[in-house]
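Working notes, structure below.
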Number of protein chains: 2
Amino acid sequence: MLSQTVEYALRAVVYLASVSPDAQTTNEIGKATQVPLAYLSKVLQGLRQEGILKSQRGVGGGISLVRTPEELTILDVVNAVEPLGRITTCPLGLAAHGAHLCPLHKRMDDAIQVMEQAFRSTTLTEVLADPNPSIPLSNIRAPLCGSGTTPPMKKK
Amino acid sequence: MLSQTVEYALRAVVYLASVSPDAQTTNEIGKATQVPLAYLSKVLQGLRQEGILKSQRGVGGGISLVRTPEELTILDVVNAVEPLGRITTCPLGLAAHGAHLCPLHKRMDDAIQVMEQAFRSTTLTEVLADPNPSIPLSNIRAPLCGSGTTPPMKKK
DNA sequence: CATAAATAAGACAATGTTGTCCTAATTAAG
DNA sequence: CTTAATTAGGACAACATTGTCTTATTTATG
C-alpha cells in the first residue's frame with residue numbers, strides 16, 4: 001500500500017522532528033528508527049533533494065529539518081518520496097477528460113483523495129504531541145514505539 | 001499508489017458487472033478494458049482463485065462474476081488482488097501493540113482506513129448507476145470512459 | 001471422434017523497488 | 001596540513017511487479 005521507502009522516510013522525519021531543530025547523523029537516525037543504514041542514507045538524500053531535509057557534511061555535521069515540525073505535514077513527506085498518484089486523467093487512452101473521470105476512476109481518485117487529506121491535515125507537531133503512550137514494554141514516551149527516540153541526554 | 005494490477009482488475013470486474021450475469025471471454029474483456037491480453041489472463045486467474053470470478057472453459061465459455069454487482073464492492077476486488085495492508089502491529093520490532101500503535105503508525109493506519117472505507121462503501125452497482133456521462137469524445141454511456149463497454153448488441 | 005474455442009499454467013524477460021558496499025567529497029579540529 | 005567524521009554518489013545484487021509467449025487442458029459442436 002504505502003511503500004517501504006515511505007515508511008522509512010516518515011520514521012526518519014518524525015525522529016528528526018522530535019529533536020528539532022538539532023541535526024542528527026545518519027547513524028543516529030538509523031539506530032533510532034531501525035532502518036537499514038545504507039538504504040536510509042539513500043532515503044535521506046532523496047528527502048534532501050526534495051527540500052524536506054538539509055545536510056551538513058564533515059565532523060559535527062548531520063541532517064536536520066528544513067521547516068519546523070509545525071509547518072511540515074505527513075503529506076509533504078509522502079509526496080517527496082512517492083507522490084500519491086491522484087488520478088487526473090483517464091488511464092485508458094481517451095483524451096484527457098480533466099474533471100470528468102469515468103465513474104470507476106472517479107471513485108478510485110476519491111479514495112486516494114481522502115487518504116491525501118488525512119495526511120495533509122496532520123503536522124509533525126501533532127504526531128509528537130499525541131498523548132497516546134502506546135509503549136507497553138517500555139515507559140519511554142516516544143512517537144516511534146519507544147525505539148530510542150528520547151532526546152539524547154547529553155553528549156556522550 | 002494503487003498497483004497496476006489493481007487498476008486492471010477493477011476495469012475487468014466493472015466491465016463484467018456491466019454485462020452481468022453474462023460471461024465474457026478474456027479477449028472481449030481485454031478489448032473493452034485495454035489491458036494487455038496475456039497479463040489480463042493472469043489477473044483474471046487470480047480473481048478466480050480468490051472467489052471473485054468464475055470461469056468456464058471450452059467453446060462458448062468465458063469468465064463471469066460470482067456475486068451480483070450489488071453484492072460486490074470495490075474493496076472486495078482490491079483485497080483479492082493486493083490487500084490494502086492495514087497496520088495492525090508496530091512495524092518496528094516492538095512486541096505487538098495491538099490497538100496501541102505509536103502516534104505515527106496510528107495516523108498512517110487511519111489514512112489507510114479511510115481509503116478502505118471509501119472502497120468498502122462502493123458497490124459495483126453504484127459505479128454502474130453513476131449518472132456522470134463523462135465521455136466527451138463519444139456519446140456512449142459507459143462506466144469505463146467509453147472504451148467499448150456498451151453491452152454487446154447481438155451475437156456477431 | 002475430430003476440431004475449434006476457450007481457460008490454465010509455466011517459463012521467461014524487462015523493469016522497478018529495496019538493499020548493500022565501496023569510493024569520493026566535504027569539513028571541523030588538532 | 002593532516003586526520004577523522006560525515007554526507008554524496010555510483011556500482012551492484014536480490015527480489016517483486018509487470019508483461020510476453022508457448023504449451024497444456026477442457027469442452028461444445030458437427
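In what follows, every chain begins at residue 1, and chains take the letters A, B, ... in the order their sequences are listed. Keep in mind the model is a prediction, meaning the values are calculated, not measured.
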Open item on the list: For C:dT17 and A:Gln4 - does any side-chain N or O of the residue sit under 4.0 Å from the phosphate oxygens OP1/OP2?
Closed with: no
TODO: Scan A:Leu37 against the nucleic acid and name what it touches under 4.0 Å (heavy atoms): base, sugar-phosphate only, or nothing.
DONE: nothing
Open item on the list: I need the CD-C1' distance between B:Glu7 and D:dT17, as an integer number of Å.
Closed with: 15 Å
- [ ] State, without any angle test, whether B:Arg48 and B:Gln45 hold a side-chain donor-acceptor pair at a distance under 3.5 Å.
- [x] no
TODO: Taking the side chain as every heavy atom from C-beta outward, state whether B:Glu126 and B:Glu70 have any atom pair closer than 4.5 Å.
DONE: no
- [ ] Examine C:dA9: is either OP1 or OP2 under 4.0 Å from a nitrogen or oxygen in the side chain of B:Gln49? Give yes or no.
- [x] yes
Task: Touch class at under 4.0 angstrom, heavy-atom based, for A:Ser3 against every strand present - done: sugar-phosphate
Open item on the list: Nearest whole Å is fine: how far is C:dA5 C1' from B:Ile63 CD1?
Closed with: 14 Å
- [ ] Would you give the length of the straight line joining atom OG1 of B:Thr33 to atom CD of B:Glu7, rounded to the nearest 0.5 angstrom?
- [x] 9.5 Å
Task: Distance, nearest 0.5 Å, that separates CG of B:Leu16 from CG of B:Leu124 - done: 9.5 Å
TODO: Find the distance B:Arg48:CZ to C:dT7:C1' and express it as a whole number of Å.
DONE: 8 Å
TODO: Select one nucleotide: of C:dG19, D:dT18, D:dA11, the one nearest the side-chain heavy atoms of A:Lys42.
DONE: D:dA11
Open item on the list: Rounded to whole Å, please give me the gap between OH in A:Tyr39 and P in D:dA14.
Closed with: 17 Å
TODO: I would like to know whether A:Val19 and A:Glu28 meet side-chain contact (heavy atoms from CB on, under 4.5 Å); could you show each step before the answer?
DONE: CA-CA 11 Å; A:Val19 299; A:Glu28 290 167 323; over 6 Å; no
Task: Residues touching DNA chain D, which here means a heavy atom under 4.0 Å, drawn from residues 51-60 of chain B - done: B:Gln56, B:Arg57, B:Gly58, B:Val59
Open item on the list: Rounding to an integer number of Å, can you tell me how far B:Leu2 CG sits from D:dT17 C1'?
Closed with: 15 Å
- [ ] Give a yes/no answer on whether the side chain of B:Tyr8 brings an N or O atom under 4.0 Å of OP1 or OP2 in D:dG19.
- [x] yes
Task: Between P of C:dA4 and CG of B:Asn27, the distance in whole Å - done: 17 Å
Open item on the list: Rounding to an integer number of Å, can you tell me how far B:Lys31 NZ sits from C:dA6 P?
Closed with: 11 Å
- [ ] Rounded to the nearest angstrom, tell me the gap between atom CD1 in B:Ile29 and atom C1' in C:dT7.
- [x] 11 Å
Open item on the list: Does D:dT6 have its OP1 or OP2 closer than 4.0 Å to a side-chain nitrogen or oxygen of A:Thr25?
Closed with: no
Open item on the list: Is there a path of hydrophobic side-chain contacts, each under 4.5 Å between heavy atoms of I/L/V/M/F/W/Y residues, joining B:Ile63 to B:Leu128?
Closed with: yes
- [ ] Please work out if B:Thr26 contacts a base, only the sugar-phosphate, or nothing of the nucleic acid, heavy-atom cut-off 4.0 Å.
- [x] sugar-phosphate
TODO: First locate atom CZ of A:Phe119, then atom CE of B:Met108, and finally report the distance between them rounded to the nearest 0.5 Å.
DONE: 6.0 Å
Task: Along DNA chain C (nearest heavy atom to each residue), the more 5'-positioned of A:Glu82 and B:Gln45 - done: B:Gln45
